[in-house]
Every structure is written in C-alpha cells, then in structure tokens.
> 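One structure is given below, represented as structure tokens, and several questions about it will come after.
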Amino acid sequence: MEEYHPGDEVSFSPDEASNVVKECIEGIIGGVDYSQNKVNQWTASIVEHSLTQLVKQGKPFKYIVNCAVMQKSGAGLHTANSCYWDTTTDGSCTVRWENRTMYCVVSVFAVAIVL
Amino acid sequence: MDDSHSVEETAFVVDEVSSIVKESIEGAIGANFYQQNRVNVWTSNVVEQCLSQLSKLGKPFKYIVTCIIMQKNGAGLQSASSCFWDNTTDGREHHYSTSTETVWLGDHCLSNLGVKPVHSVSQ
C-alpha cells in the first residue's frame with residue numbers, strides 16, 4: 001500500500017475513481033444475466049473490491065461506496081444524494097453501468113482526513 | 001468545556017437521525033403513487049430536507065445522504081454499501097422501507113488509518 005506523506009497534494013480524482021469502479025463492475029458482472037440468487041453476492045463484491053482498490057491508492061480519504069443493481073423490467077428507478085461537507089477537499093463520483101438484463105449504479109464518496 | 005459535556009454534544013443519536021429521515025420521506029412523498037414525472041423532485045426533496053435538518057443539529061459532522069426510489073413492479077433491486085472510515089466517530093443509519101441512507105463522519109481521525117492527526121476540522 002502506498003504511504004501518504006504529509007505535504008502531498010490531497011485531491012479526489014473522480015475520473016480515477018470512476019475507472020477503478022468500472023473495472024470492478026466489469027470484472028464481477030460483465031458478461032452475466034441478472035440472477036436473483038446471485039445478486040447479493042455481486043453487490044457485496046462490487047463494493048468490497050472497489051473500496052479495496054480505492055484504499056490502495058494510499059490517499060488520505062475516508063470512503064463510502066454504495067452499489068445498487070436492478071433487474072431490467074421496465075420499472076422506474078431514481079436515485080439522489082446530497083452531501084454536507086468541505087467542497088474544497090471532498091468529492092464523489094457516480095458510475096452508471098448496464099448490460100442486457102440489469103442496471104448497476106455505484107456511488108463513491110471521498111471525505112478528506114484532516115491533518 | 002469538560003470532556004463529558006463535549007462527548008454529549010458530539011455523540012451521534014441514531015433515533016434522532018431516524019426520525020429526521022422518516023419525516024423527510026413522509027413530507028416529500030407521503031401517500032403518493034409512483035409517478036415518473038415527479039420522482040426526481042421527490043428524491044431531491046428527501047435528501048435536501050434530511051440534510052437541512054441534520055445540519056441544523058449543529059454537531060461537528062459531515063453528512064452524506066442517499067435516497068433510492070423504485071417503482072414496485074416486481075423487478076429485483078439489490079443494494080450494498082461498504083465504508084472505509086473511523087468506527088469510533090463515523091456511522092450510518094439505513095431506513096429500509098425507502099432505501100434512504102444517512103452517513104455521518106466525525107471530524108477526528110485516528111492513526112489506525114495510517115495518518116497522524118495534527119488538529120481537528122473546525123466548522
């Protein structure tokens with residue numbers, strides 16, 4: 001794991017986090033169809049893998065990763081989030097992914113650890 | 001300010017958060033049926049109302065509130081969440097019936113994250 005050194009620039013990169021998350025999603029549900037008895041394992045794996053990869057970057061952030069997987073059946077789904085934090089240091093990104101049978105929405109929130 | 005006084009003011013009260021969330025949901029959605037052209041307004045209102053009431057508590061926390069609204073038509077929905085934070089100061093409350101989650105993050109950090117704190121955030 002990379003070490004953080006005080007004095008390093010602290011900034012959340014939404015693009016970098018998005019790429020990390022996309023790779024995790026692809027790796028776990030890339031070529032599969034929605035399956036009711038597997039979906040709980042998938043969401044758990046997606047958040048765990050994403051979190052592990054983010055923490056490995058060694059940046060001084062706390063992270064929250066949320067993932068929702070929904071079967072494609074015509075139902076409407078809407079999500080929203082709102083944050084009360086320090087806009088100069090904290091940030092978030094949301095990845096929307098889909099295949100033939102399901103939607104996956106992953107949100108990453110990164111809150112800077114004050115030094 | 002002695003320690004016990006400041007612990008009370010900075011402690012997180014889950015019941016308090018829970019009732020704020022429930023009121024926000026009822027206020028925003030109430031007994032309405034799912035309507036595609038109103039759902040974006042509902043989700044925004046839920047999170048904004050929650051956040052506004054939480055910040056009014058005046059406690060030294062950052063907050064993240066997420067809300068998912070889904071139409072009931074038999075589709076499967078599964079969600080999960082994982083967090084990397086400080087277990088002694090941070091926490092979350094999940095309101096299951098409408099999937100609203102509130103996360104709070106304290107302003108103290110501990111060396112178990114591999115980073116040494118120099119001072120706390122002041123609001």
Side-chain angles (χ1 to χ4, degrees), chain A residues 1 3-6 34-36 38-52 54-55 58-86 89-90 92 94 102-103 105-107 109-115, chain B residues 34-36 38-52 54-55 61-86 90 92 99-101 103-110 113-123:
Chain A
M1 176 164 142
E3 286 264 317
Y4 172 75
H5 302 285
Y34 182 86
S35 157
Q36 188 178 339
K38 286 192 183 160
V39 67
N40 58 334
Q41 294 166 32
W42 293 336
T43 50
S45 297
I46 289 168
V47 294
E48 280 169 33
H49 287 200
S50 300
L51 196 59
T52 304
L54 288 165
V55 170
K59 295 187 179 180
F61 286 104
K62 296 179 178 181
Y63 295 102
I64 294 113
V65 182
N66 290 337
C67 168
V69 172
M70 187 176 96
Q71 187 179 21
K72 276 185 172 177
S73 72
L77 173 76
H78 206 93
T79 72
N81 59 65
S82 191
C83 309
Y84 180 75
W85 58 19
D86 182 340
T89 57
D90 308 329
S92 68
T94 299
M102 55 188 163
Y103 295 106
V105 181
V106 176
S107 292
F109 301 94
V111 179
I113 294 167
V114 178
L115 299 172
Chain B
Y34 182 89
Q35 290 170 61
Q36 189 176 341
R38 292 181 70 188
V39 68
N40 58 336
V41 172
W42 291 337
T43 47
S44 300
N45 288 347
V46 169
V47 294
E48 279 171 28
Q49 188 63 13
C50 284
L51 205 57
S52 149
L54 287 166
S55 58
F61 288 107
K62 296 180 178 180
Y63 299 99
I64 296 160
V65 182
T66 63
C67 170
I68 299 177
I69 295 180
M70 186 175 102
Q71 186 179 16
K72 280 181 169 176
N73 83 342
L77 173 72
Q78 177 78 28
S79 68
S81 179
S82 190
C83 309
F84 178 73
W85 58 24
D86 178 344
D90 309 329
R92 69 177 140 190
S99 266
T100 301
E101 176 164 280
V103 168
W104 57 87
L105 296 143
D107 67 355
H108 301 100
C109 54
L110 297 182
L113 293 173
V115 210
K116 298 222 164 76
V118 172
H119 57 78
S120 312
V121 173
S122 53
Q123 294 291 328

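Just so you know, these numbers use all the heavy atoms, side chains as well, and skip hydrogens, waters and symmetry mates.
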> I need the His78(A) NE2 to Asn40(B) CG distance, nearest 0.5 Å.
5.0 Å
> With sequence neighbours left out, write down each residue that passes side-chain hydrogen bond (donor to acceptor under 3.5 Å, both in side chains) with Thr79(A), or none if nothing qualifies.
none
> Specify the closest pair of heavy atoms between Ala80(A) and Ser44(B), including all atoms of both residues, with the distance to one decimal.
CB-N, 4.1 Å
> Please classify the contact of Tyr103(A) with chain B as side chain, backbone, both or neither, using a heavy-atom distance under 4.5 Å.
neither
> In a check of side-chain contact (heavy atoms from CB on, under 4.5 Å) between Asn81(A) and each of Thr43(B), Ile68(B), Thr66(B), which one passes?
Thr66(B)
> For Lys72(A), check salt bridge (charged side-chain N to carboxylate O under 4.0 Å, His left out) against everything at least two apart and list the hits.
Glu98(A)
> Between CD1 of Ile64(B) and CG of Asn66(A), what distance do you get to the nearest 0.5 Å?
8.5 Å
> Ignoring hydrogens, what is the shortest heavy-atom contact between Gly76(A) and Tyr34(B)? Give both atom names and the distance.
CA-OH, 3.2 Å
> So which atom in Ser82(A) and which in Leu51(B) form the shortest heavy-atom distance, rounded to 0.1 Å?
OG-CD2, 3.0 Å
> Based on non-hydrogen pairs under 4.5 Å, which of Ile46(A), Leu51(A), Val39(A) is most in contact with chain B?
Leu51(A)
